[in-house]
Amino acid sequence: MDEKQKSLLLKASSQFPIPPGVKFSYGTAGFRADALILESTVFRAGILAAMRSMKTRSMIGMMITASHNKISDNGVKIADPSGGMLTQQWEPFADALANAPDSDSLLRLITDFSKKENIVFDGTFRAEILLGRDTRPSGESLLEAAKQGIHSIVGSVGIDMGVVTTPQLHWMVRARNKGMKGSELDYFEQLSSSFRCIMDLNPGGSVNSVDNKLIVDGSNGVGGEKIESLTKMLDGLNIELRNSGAGVMDILNEGVGADFVQKEKVVPDGFGSNDVGKRCASLDGDADRLVYFIVPSADTNKIDIVDGDKILSLFALFVKEQLSIMNIKGSEYNSYQPCLGVVQTAYANGASTHYLKELGLAVTLTPTGVKHLHRKSEDYDIGIYFEANGHGTILFSEKFLSWLEDKREELASAPEDSQQKKAVLRLLAVSNLINQAVGDALSGLLLVEAILQYKGWSIHDWNALYQDLPSRQLKVIVKDRTAIITTNAETEVLSPMGIQEAINAETAKYPQGRSFMRPSGTEDVVRVYAEASTQDAADSLANSVAKLVDKYLGISNS
Ligand code: G16
């Protein structure tokens with residue numbers, strides 16, 4: 001590294017001292033904390049993004065968001081050249097960078113790591129970072145910090161895409177690195193044209209006129225604004241947007257949004273007795289999560305949640321059906337058997353896993369975090385992953401897509417009503433519609449709507465695929481959540497010693513009982529999950545496990 005680069009880094013980083021007494025950690029989906037203490041972290045993440053761009057000789061993405069967290073928090077997610085999350089191999093460097101106590105140690109870290117990774121700071125490569133932010137008020141100043149970090153590496157540029165959803169930014173990074181057009185308009189055009197294509201192939205008509213309207217809870221975040229733009233480009237979808245964030249009292253993620261409805265299972269703000277029986281959906285703060293729900297009766301504030309597990313089940317059923325339409329016995333299609341697999345986490349409702357296995361699918365569990373599920377899904381020709389909280393997508397391998405393209409050509413002269421031809425065209429359209437970079441509430445919503453239309457199903461038909469086991473999630477505040485070590489896709493605790501045996505003993509008391517605890521990677525809490533044969537039993541098991549967490553790790557334990 002030459003003297004010019006060194007002094008640029010030293011000077012710029014001295015403007016962004018780290019706050020005293022805080023330890024930053026690259027968690028489940030990047031850095032996340034109270035926005036007031038994040039400037040140095042985002043500045044340093046800018047340096048990291050520029051270095052990653054130099055290493056990969058590709059464009060990198062940086063999204064300023066704290067997604068489902070409260071409005072006063074913020075964070076940063078980094079997108080690799082594929083559009084997926086930053087490679088986990090660089091996470092320890094990200095941690096070290098964020099916590100380097102001063103400019104000199106920061107410089108030493110950068111020098112050592114760049115030597116190890118063969119990154120040469122000679123300014124000859126133009127590192128490009130695509131920048132986006134959600135609607136949080138702290139986003140603008142943090143974006144400036146990110147730009148300062150990027151500019152402190154000679155030859156690096158930040159391209160500001162403004163306020164976008166997280167999946168839009170990931171999609172843009174992927175598209176641009178593939179040499180395709182990657183603006184917001186291109187994103188909307190790809191989604192709307194592939195949606196239209198699937199709808200045109202549908203057996204006909206809408207579900208029914210009463211059920212045709214979808215009511216969307218925008219979580220008072222960026223998703224609302226974007227869904228309005230998208231809807232303008234679509235025919236055949238009647239969307240009513242609520243919680244768009246336009247009002248002064250509309251607070252991001254507060255009493256609204258996918259995280260709230262999925263965890264609390266109660267009616268979000270802006271919805272009520274007039275919505276009984278209707279098809280409703282919630283996005284989260286940066287629109288990378290999607291869940292559906294039904295208000296079952298005017299007499300209760302409880303909802304029936306149609307969560308990520310049900311979306312996964314719907315997608316798996318549809319894809320499997322299309323594959324079997326193509327796979328006529330004795331035909332040439334038998335020569336290649338694409339492998340379809342599904343990926344879940346420990347939060348997946350036991351009933352969903354049972355249903356998917358009954359469908360004959362390979363089901364794998366990974367730890368929480370799309371970075372884990374996404375990577376596992378790449379093992380399949382068609383990998384479908386979803387977290388119960390509504391994060392997920394469908395990945396298509398290059399091999400499978402080129403096989404589909406060959407089939408399309410072969411079937412070009414087949415009659416228009418050829419079922420095989422339609423199945424091939426449908427799957428190709430799905431691969432264009434569903435975001436291949438990361439889970440995306442907008443593209444996921446369009447695919448759900450298209451499949452419901454294809455099957456002629458109401459949300460009630462869909463929800464009846466299987467009945468969820470009653471479950472409960474709780475948060476427990478502890479002294480130090482980093483003291484917890486889990487294993488086996490987070491279903492068991494190795495440390496602190498003894499707690500797993502205690503959890504097992506509690507769980508054994510409940511028919512169909514299952515429970516686990518894990519440290520959150522986005523909030524300073526421990527999460528507890530329990531399911532059992534009745535809601536009372538699930539609540540009681542969750543409370544007992546929460547008490548154990550408190551006993552072994554809690555603040556009251558100090
Ligand atoms: C992020 C991750 C998700 C994860 C969620 C909660 O979501 O992308 O994969 O499920 O955090 O993680 P944790 O339980 O560790 O707090 P988001 O929507 O907040 O970006």
Side-chain angles (χ1 to χ4, degrees), residues 25-33 61-71 73-80 83-86 88 91 132-136 164-170 218-219 221-223 252-253 256-263 282-291 307-309 311-312 343-348 365-377 385-393 435 437-442 444 473-478 481-482 484 486 489-491 516-529 549:
S25 168
Y26 195 94
T28 312
F31 293 107
R32 221 171 269 196
M62 250 184 112
M63 179 73 194
I64 311 292
T65 178
S67 191
H68 76 272
N69 292 45
K70 56 185 190 274
I71 190 163
D73 283 354
N74 216 325
V76 57
K77 296 178 177 179
I78 296 174
D80 246 5
M85 298 291 188
L86 172 73
Q88 285 172 58
E91 288 187 11
R133 64 182 172 91
D134 70 15
T135 51
R136 285 178 161 79
V164 288
T165 71
T166 295
Q168 279 184 317
L169 190 85
H170 285 253
S219 202
V222 58
L252 179 74
N253 296 335
V256 294
D259 194 61
F260 175 80
V261 299
Q262 192 252 342
K263 299 248 165 50
S282 276
L283 320 178
D284 75 337
D286 62 343
D288 58 3
R289 296 192 200 180
L290 170 72
V291 294
D307 63 4
D309 300 336
I311 299 175
L312 168 60
V343 184
Q344 302 189 296
T345 71
Y347 289 110
L365 286 197
T366 71
T368 299
V370 285
K371 60 188 177 189
H372 300 295
L373 292 108
H374 193 98
R375 205 181 46 193
K376 183 65 203 165
S377 301
Y385 71 85
F386 259 90
E387 295 182 298
N389 63 23
H391 260 289
T393 193
N435 196 325
V438 79
D440 180 343
L442 299 190
Q473 273 195 60
L474 297 175
K475 293 180 191 182
V476 187
I477 296 175
V478 299
R481 73 194 203 283
T482 63
I484 303 167
T486 63
E490 302 178 316
T491 55
F516 64 91
M517 56 164 274
R518 54 171 287 277
S520 163
T522 61
E523 295 173 63
D524 194 6
V525 296
V526 171
R527 298 197 195 280
V528 168
Y529 177 86
V549 174

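We count ligands from 1, going down the list as the structure has it; atoms in each ligand are counted the same way. Note that the structure is a prediction, hence the values are computed from the model and not measured.
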### Query
When you look at Lys77 and Asp288, which way does the salt bridge (charged side-chain N to carboxylate O under 4.0 Å, His left out) test go after all the steps?
CA-CA 12 Å; Lys77 296 178 177 179; Asp288 58 3; 2.8 Å; yes
### Message
What I want to find out is whether Asp259 reaches Arg289 closely enough, with some N-O distance under 4.0 Å, to be called a salt bridge.
### Response
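Judged by the 4.0 Å cut-off on N to carboxylate O distance, Asp259 and Arg289 do form a salt bridge.
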### Carboxylate-amine/guanidinium proximity below 4.0 Å for Arg481 and Glu523
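No salt bridge links Arg481 with Glu523.
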### Atom-level proximity to ligand 1, residues with heavy atom under 4.0 Å
Thr28, Ala29, Arg32, Ser67, His68, Lys77, Asp284, Asp288, Arg289, Thr368, Gly369, Val370, Glu387, Asn389, His391, Arg518, Ser520, Gly521, Thr522, Arg527
### Distance-minimising heavy-atom pair for Ala441 and Leu283
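In terms of heavy atoms, the two residues are closest at CB-CD2, 3.7 Å.
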#### Entry: Nearest heavy atoms of Asp284 and Ser67, plus distance in Å
OD2-OG, 2.9 Å
### Query
Using the benzene-type ring in the case of Trp, are the ring centres of His374 and Tyr385 under 6.0 Å apart?
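Under 6.0 Å, so yes.
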